[in-house]
Amino acid sequence: MVRIGSSQLDVFPLCLGGNVFGWTADERESFAVLDAYVAAGGDFIDTADVYSAWVPGNSGGESEEIIGRWLASRGNRDRLVIATKAGQHPDFPGLSATKIKGAVEQSLRRLRTDHIDLYYTHRDDPSVPVEEFLGALDALVKEGKVREIAASNIGAERLSEALAASEREGLARYVALQPHYNLVERGEYEGPLMEVAAEHGLGCLPYYALASGFLTGKYRPGAASDSSRAGKAESYLKDERNMRVLAALDEVAAAHDAEVATVALAWLATRPTVVAPIASARTVAQLPALTAVADLTLTPEQVASLDAASA
């Protein structure tokens, strides 16, 4: 188990992403994946109130609803760490105090719980002063509806501003950060954002940890795929550097008799500030390669090889 930043939340080192629930995985498939994840020792589930509003016929909240029904049917809520996000649902866009208060009540209802363990501001809203949304989040913590707060998709300057405001005003403070970060997408996080996280003891929980599936090794030149995310994953094949990354992953995976995806996640786990990568599984068969990160330790030479390939 690993601890999220300065919080009291100890979690499994692989966070199960819920973005596919109600999108590429129906309720039956989602329940099976959730069951298998918990059976493998997992206890940390990530979703958002907007998942999956982009699917025709959906309105947002479908993932939370599936997770909520699963929690109710399994009776295991107290053994899990549930994370969700506010700010992107079509009915509650932005981070004004009013929108946050409305969004959290709907998330609690859909998740069939009385509290959210880790509650994110999904995307920064520059139109709202940090004191306003932090004040709304602080009220939720005081009410017991939220245990800890975190940020996703925020710049280093704005994050620093929010952390300073929490300190100055005595408000709830971010304990974690969820950036776009993986072996082929390093620039957004490595640099000022990582430096702020390290300075203030924030835990990093990277999303798109497998680059839309590219870092599973499934996508190769000339290989056909019917995945809903194939377009994005296959776009990485056009970059020569990314092909070097695949080759380095193949070499390390062979040395450990491990899956390529496991190695990609294990590399993330070695990075400063990273607590647990976030990855999703559409089927139970995809899950073992993800949870295996808990048992894979890369050598310094292997980390250096992957660093060099992705530089």
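Computed from a prediction, not measured in an experiment: that's the story for all the values here.
Salt bridge status for Glu148 with Arg173: absent, with no side-chain N to carboxylate O gap under 4.0 Å. Salt bridge status for Arg220 with Asp250: present, with a side-chain N to carboxylate O gap under 4.0 Å. One finds no salt bridge joining Asp91 and Lys99 here, because no Lys/Arg side-chain nitrogen approaches an Asp/Glu carboxylate oxygen to under 4.0 Å. Taking 4.0 Å as the cut-off between side-chain N and carboxylate O, Glu64 and Arg109 do not count as a salt-bridged pair.
The heavy-atom pair separating Thr47 from Ser63 by the smallest distance is OG1-OG, 2.8 Å. When all heavy atoms of Asp49 and Gly87 are compared, the pair lying nearest together is OD2-N, 4.2 Å. Between Leu118 and Ala150, the shortest heavy-atom distance links the atoms CD1-CB, 3.9 Å.
Using cut-offs of 30° and 60° for the angle between ring planes, the Tyr51 and Trp54 rings count as perpendicular. Between Tyr208 and His180, the two ring planes are perpendicular [angle over 60°; tilted spans 30° to 60°].
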TODO: Please lay out, stage by stage, how Arg110 and Glu62 fare under the test salt bridge (Lys or Arg N to Asp or Glu O under 4.0 Å).
DONE: CA-CA 8 Å; Arg110 287 188 291 260; Glu62 288 77 15; over 6 Å; no
TODO: Would you please test Glu65 and Arg112 for salt bridge (Lys or Arg N to Asp or Glu O under 4.0 Å) and show each step?
DONE: CA-CA 8 Å; Glu65 289 177 346; Arg112 302 192 185 194; over 6 Å; no
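Within 6.0 Å of CD on Glu157 lie no more than 12 heavy atoms contributed by other residues, nucleotides or ligands. The 12-atom threshold is exceeded at CD of Glu105, counting heavy atoms of other residues, nucleotides or ligands nearer than 6.0 Å.
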Can you give me every donor-acceptor pair (side chain of residues 240-248, partner residue at least two apart or in another chain, under 3.5 Å) with its distance?
| from | atom 1 | to | atom 2 | distance (Å) |
| --- | --- | --- | --- | --- |
| Arg241 | NH1 | Ser310 | O | 2.6 |
| Arg241 | NH2 | Val184 | O | 2.6 |
| Asn242 | ND2 | Tyr236 | O | 3.0 |

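Taking hydrophobic clusters as Ile, Leu, Val, Met, Phe, Trp and Tyr residues chained together by side-chain heavy-atom distances below 4.5 Å, Ile149 does not share a cluster with Phe92.
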